[in-house]
Amino acid sequence: MTSAFAPGPVLVFDGDCAFCSSCVRWAERYPRQSLSSAGWEAVAFQFADLEALAEFTGGQVSEERASREVLWITPDRKVYGGAQAVARLLMRSGGPWAWAGGLLALAPVRPLAGVVYRWVARHRDQMPGGTKACALPRRS
C-alpha cells in the first residue's frame with residue numbers, strides 16, 4: 001500500500017460497513033475529474049496487510065484503529081485518522097473539494113470536525129446506505 005506498496009496515499013476503511021463503502025465508492029467516481037484522478041488507492045482494512053502497514057508507519061496502524069476510523073496513509077509514513085483522513089483526501093482532490101479539506105484541517109476547525117466525525121462513526125448504521133452490520137462495537 002504506500003511507498004513500496006503504491007505510488008500515492010492509501011485510504012484504509014471498513015469494508016464491512018455499507019455506509020463507509022458507499023462513501024469510498026462515491027469518492028472514487030464523483031466528481032470524475034477531481035477525486036478519482038487524484039492518485040490514491042482505497043483498501044478495506046479486512047483485505048489490507050495491516051502488519052506491513054504497522055511496520056511501515058512505526059506502529060500507527062492497527063486493526064483496532066482501522067475498525068474505528070478511516071485512515072489516510074501517505075508515502076512518507078504519515079497517518080491521519082478520522083476527520084483528518086477525510087480532510088487529506090479532499091485536499092488531494094483539488095478544486096473546490098480541496099478548499100473543504102483545507103477548512104477541515106484548520107486548527108480552529110479540527111476539534112469540531114473530529115466531534116462530527118466521531119458522531120457519524122457512532123451512528124453510521126443509521127446513515128444513508130448504512131445497515132445494522134455497520135454498527136461499531138460498543139466499548140465497555
Side-chain angles (χ1 to χ4, degrees):
M1 281 144 247
T2 55
S3 188
F5 304 101
V10 175
L11 183 77
V12 179
F13 69 100
D14 186 348
D16 286 341
C17 173
F19 174 71
C20 300
S21 296
S22 295
C23 291
V24 169
R25 281 193 308 274
W26 177 87
E28 288 176 330
R29 72 176 183 269
Y30 182 82
R32 294 184 194 278
Q33 282 124 9
S34 193
L35 291 173
S36 64
S37 62
W40 57 279
E41 175 186 343
V43 62
F45 83 83
Q46 293 88 346
F47 300 107
D49 186 343
L50 295 176
E51 285 184 25
L53 286 173
E55 184 177 328
F56 178 76
T57 62
Q60 295 181 71
V61 174
S62 67
E63 183 174 350
E64 165 67 21
R65 185 174 182 192
S67 71
R68 295 211 171 270
E69 64 180 350
V70 65
L71 302 173
W72 181 259
I73 305 167
T74 68
D76 61 351
R77 297 181 160 94
K78 291 183 182 160
V79 179
Y80 300 92
Q84 291 311 299
V86 173
R88 292 315 184 273
L89 171 62
L90 294 173
M91 286 190 290
R92 177 89 176 184
S93 72
W97 295 108
W99 286 94
L103 180 66
L104 292 175
L106 287 174
V109 178
R110 275 194 305 257
L112 179 59
V115 167
V116 171
Y117 180 89
R118 287 187 298 278
W119 186 89
V120 170
R122 278 194 311 274
H123 297 91
R124 64 190 194 173
D125 56 316
Q126 300 163 24
M127 296 289 135
T131 66
K132 289 183 183 201
C134 298
L136 288 174
R138 300 290 178 214
R139 290 185 177 178
S140 27

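- Considering CG of D49 and CD of E55, their distance stands at 9.5 Å, rounded to 0.5 Å.
- Of all heavy-atom pairs between F19 and P128, the closest is CD1-O, 3.3 Å.
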Do L71 and V61 pass the side-chain contact (heavy atoms from CB on, under 4.5 Å) test, and can you show the C-alpha distance, the side-chain angles, and the key distance before you say yes or no? CA-CA 8 Å; L71 302 173; V61 174; 4.1 Å; yes
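- Clustering ILVMFWY residues whenever any of their side-chain heavy atoms sit less than 4.5 angstrom apart, transitively, puts V86 in the very cluster that holds W26.
- By the side-chain contact (heavy atoms from CB on, under 4.5 Å) test, E63 is found to be paired with F45, L50, residues two or more places apart in sequence or in another chain being considered.
- Checked by atom type and distance alone, the side chain of R110 never pairs as donor or acceptor with a backbone atom of Q84 at under 3.5 Å.
- In this structure the side chain of L11 reaches within 4.5 angstrom of the side chain of V24, judged on heavy atoms.
- Listed by chain and number, the residues in a side-chain contact (heavy atoms from CB on, under 4.5 Å) with V109 are L103, L106 (sequence neighbours excluded).
- When every heavy atom of D125 is checked against every heavy atom of C134, the shortest pair comes out as CA-CB, 3.7 Å.
- Annotation: side-chain hydrogen bond (donor to acceptor under 3.5 Å, both in side chains) contacts of S22 (sequence neighbours excluded): R25.
- Here W99 sits alone; no ILVMFWY side chain lies under 4.5 Å from its own, so it joins no hydrophobic cluster.
- What you find for P108 and P111 is that their closest heavy atoms are O-CD, 3.8 Å.
- Across A85 and V70, no two heavy atoms sit closer than the pair CB-O, 3.6 Å.
- Ring geometry for W72 versus W40: interplanar angle of 30 to 60°, hence tilted.
- Of all the heavy atoms in G39 and P9, the pair that sits closest is O-CD, 3.4 Å.
- Partners of A113 according to the side-chain contact (heavy atoms from CB on, under 4.5 Å) rule, which considers only residues two or more places apart in sequence or in another chain, are A83, L104.
- Counting all heavy atoms, side chain and backbone alike, G8 lies closest to R92 at CA-NH2, 4.4 Å.
- Not one N or O on the side chain of R88 forms a donor-acceptor pair closer than 3.5 Å with the backbone of Y80.
- For R65, the salt bridge (charged side-chain N to carboxylate O under 4.0 Å, His left out) partners two or more places apart in sequence, or in a different chain, are E69.
- V120 is not connected to W97 by any chain of hydrophobic side-chain contacts under 4.5 Å among Ile, Leu, Val, Met, Phe, Trp and Tyr, and they are in different clusters.
- To the nearest 0.5 Å, the span separating CD on E28 from OG on S21 amounts to 9.5 Å.
- Each salt bridge (Lys or Arg N to Asp or Glu O under 4.0 Å) pair with one or both residues in residues 8-22, not counting sequence neighbours, appears once here: D14-R124.
- The side-chain heavy atoms of L89 and M91, taken from C-beta on, include no pair separated by under 4.5 Å.
- Although no hydrogens or angles enter the test, the distance criterion places a donor-acceptor pair under 3.5 Å between the side chain of Q46 and the main chain of G15.
- Under the 4.5 Å side-chain contact rule for hydrophobic residues, V43 and V79 share a cluster.
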